[in-house]
Number of protein chains: 2
Amino acid sequence: MTPPTPLHLSLAGQAVDVLREQVLTGEIPAGSRVNEVEVAHKLGISRGPLREAIRHLASEGLLTLVPHRGAFVPGADPGDVKALFELRTALECAAAELAASRRTDVDLVRLHEVCAESRRNYRSGQPFPYRLDLAFHQALITAARSPHIAEQVRLVQQRVVLLRSALEDDPPHQHASMDDHDELVKAVEDGDAARASTVMRRHLSRVCAQMLTSLNH
Amino acid sequence: MTPPTPLHLSLAGQAVDVLREQVLTGEIPAGSRVNEVEVAHKLGISRGPLREAIRHLASEGLLTLVPHRGAFVPGADPGDVKALFELRTALECAAAELAASRRTDVDLVRLHEVCAESRRNYRSGQPFPYRLDLAFHQALITAARSPHIAEQVRLVQQRVVLLRSALEDDPPHQHASMDDHDELVKAVEDGDAARASTVMRRHLSRVCAQMLTSLNH
DNA sequence: AGACTGCCAACTGTCGACAGTTGACATGTT
DNA sequence: AACATGTCAACTGTCGACAGTTGGCAGTCT
């Protein structure tokens, strides 16, 4: 059924997926080094494709390259966290504004859906899975309909996930986040771009502060 | 004088610089393909480092990769230009806000310097070099002191330069841009973040509209 | 004439091997 | 003992060659 379609991704592409997963889940812990021959052998490929995969992940900020030394999983530096959240705030506030002026009905349905699932999860007493938080922000940038902003948001959120994996998971303040999310959906629903941006900024500033305190134990 | 320092960048790094230059200046025209063996031979290197260079430029948006076909210099699509400027606006408005609240005296000196040179150039009757426009925006993001935002702005501006190289250069509206720049400096000097953001948004919206008209001849 | 089929050259994807550099350990010196 | 120097294994940077895929062209059939 896929005769001409190269169903099999290139080896480099596959390696990117596998490595990204391992880095984001902390399977390859922060600070550790990626040995080319070792990993290539483990993946059953040669060093060429693996190198391309490593460079790709480095361009996404998931690895840091040191000439003649190799690739390392970056750790969490408080100063860098603040700078990263400045970028995230710039991107997601803009996304919130655009979403407020461009959202369709299906976007709103999706946003309400995610919020409802969060509430359900909260009442069940279970810990707040980051999955739901990501789903919310994902739904928002979808509503913004700005492909370049969406791509950058994806990259930044990925780096935030990496930072979180380096933290001993403090359960996120689900209640505060849920309230922020609800308020955001309301602003987007009303088409109030300015309010959406303001709420997003407050939300992210709260999340950032929380991560910084987690960093100092 | 640089005994341990690997003064010579890696071959891949050198190739990145050379290729970036050739792509941005239009020496490799939009739509054309980059033949690996041919270019590698021309640069006197092997295909390995060249491939890494190509992938790197692709991650910067300066090349588009097609599996089993190779790398192409992307052309200018009006819809994409709008989306790109949405990203640029998000980033540079945030930078303008931050600059207004963080700028030091040396930042202000630099900003005034660039504006003054623009006025001098204008009075001399010469065409407005994009160099001065880039210098202004560069000075602004320096004043913002947000490394991640700065990096992303650099990448976006690079793509704008690529778009411009694909256009038959219409001289930019220097007068309007100069006024915008002056107004921006004033807002930054006053520490008025909201105003800086507003002016930047208007400025970029103007520049974007101008590029779109240039696209339709 | 037009459409389909099978071949072919060109190019990308991948591999294994060689060369140069780095950090660490061992040895010698003050 | 602390420091400087020499040596070495491990790893990255680079290269040339092979295999698989793509798009185009010639030839054939309707």
Side-chain angles (χ1 to χ4, degrees), chain A residues 1-20 22-23 28-75, chain B residues 1-20 22-23 28-75:
Chain A
M1 268 309 119
T2 53
T5 312
L7 183 54
H8 75 99
L9 220 50
S10 71
L11 293 183
Q14 294 177 251
V16 167
D17 292 340
V18 175
L19 274 185
R20 173 159 35 215
Q22 293 188 348
V23 169
I28 304 179
S32 73
R33 175 172 152 186
V34 177
N35 185 317
E36 290 187 2
V37 297
E38 177 188 332
V39 175
H41 184 74
K42 198 164 292 185
L43 294 181
I45 63 179
S46 121
R47 281 180 57 216
L50 179 64
R51 277 176 70 91
E52 289 187 3
I54 289 176
R55 304 305 162 114
H56 185 90
L57 291 178
S59 79
E60 291 189 358
L62 262 42
L63 291 174
T64 22
L65 262 37
V66 181
H68 293 286
R69 294 290 324 283
F72 297 80
V73 180
Chain B
M1 266 307 122
T2 53
T5 312
L7 181 54
H8 77 99
L9 218 50
S10 71
L11 293 185
Q14 293 177 250
V16 166
D17 292 340
V18 174
L19 275 186
R20 178 166 22 223
Q22 293 188 350
V23 169
I28 303 179
S32 73
R33 176 171 153 184
V34 178
N35 185 317
E36 291 186 0
V37 297
E38 177 189 331
V39 175
H41 184 74
K42 200 165 290 184
L43 294 182
I45 64 179
S46 112
R47 281 181 56 215
L50 178 64
R51 277 176 69 90
E52 289 187 4
I54 288 176
R55 305 304 164 115
H56 186 89
L57 292 179
S59 79
E60 291 190 357
L62 262 41
L63 290 175
T64 339
L65 261 38
V66 181
H68 294 288
R69 296 289 326 277
F72 297 80
V73 180

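Numbered from 1 within each chain, the chains take letters A, B, ... in sequence-line order. Fair warning: this is a prediction, and the values are worked out from it, not measured in the lab.
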Chemist: Once you round it to whole Å, what is the distance between P of dT21(D) and CG of L9(A)?
Modeler: 14 Å
Chemist: dT12(D) C1' sits how many Å from E38(A) CD, rounded?
Modeler: 15 Å
Chemist: So what does V34(A) hit on the nucleic acid, given a heavy-atom distance under 4.0 Å: a base, only sugar-phosphate, or nothing?
Modeler: sugar-phosphate
Chemist: Can you name the nearest heavy-atom pair linking E52(A) to A12(A), along with the distance?
Modeler: OE1-CB, 3.8 Å
Chemist: Rounded to whole angstroms, how far apart are CD1 on I45(B) and P on dG20(C)?
Modeler: 18 Å
Chemist: For dC11(C), does OP1 or OP2 lie under 4.0 Å from any side-chain N or O of R69(B)?
Modeler: no
Chemist: Where the side chain of R33(B) is defined as all heavy atoms beyond and including C-beta, which of dT12(C), dG13(C), dC15(C) is the nearest nucleotide?
Modeler: dT12(C)
Chemist: Would you indicate, yes or no, if dC15(C) has its OP1 or OP2 atom less than 4.0 angstrom from a side-chain nitrogen or oxygen of R47(A)?
Modeler: no
Chemist: R55(A) vs R55(B), test: side chain to side chain contact (heavy atoms under 4.5 Å, CB included). Steps then yes/no.
Modeler: CA-CA 8 Å; R55(A) 304 305 162 114; R55(B) 305 304 164 115; over 6 Å; no
Chemist: Calculate the interatomic distance between L65(B) atom CG and dC11(C) atom P; express it in whole Å.
Modeler: 17 Å
Chemist: Could you walk me through whether E60(A) and H56(A) pass the side-chain hydrogen bond (donor to acceptor under 3.5 Å, both in side chains) check?
Modeler: CA-CA 7 Å; E60(A) 291 189 358; H56(A) 185 90; 3.3 Å; yes
Chemist: Could you give the CD-to-C1' distance, from E36(A) to dT22(C), as a whole number of Å?
Modeler: 14 Å
Chemist: Return the minimal non-hydrogen interatomic distance between P74(B) and A30(B), and the atom names on each side.
Modeler: O-CB, 3.9 Å
Chemist: If every non-hydrogen atom of P29(A) is compared with every non-hydrogen atom of V73(A), which pair is closest and at what distance?
Modeler: O-CB, 3.7 Å
Chemist: Would you mind telling me which of dT14(C), dG13(D), dT22(D) lies closest to the side-chain atoms of R55(A)?
Modeler: dG13(D)
Chemist: Can you tell me which nucleotide in dG13(C), dC15(D), dC15(C) comes closest to the side chain of L11(A)?
Modeler: dC15(C)
Chemist: Mind calculating the distance between NE2 (H41(B)) and P (dA10(C)) to the nearest angstrom?
Modeler: 16 Å
Chemist: Calculate the interatomic distance between H68(A) atom NE2 and dG23(C) atom P; express it in whole Å.
Modeler: 10 Å
Chemist: Rounded to whole angstroms, how far apart are CD on E52(A) and P on dG13(C)?
Modeler: 7 Å
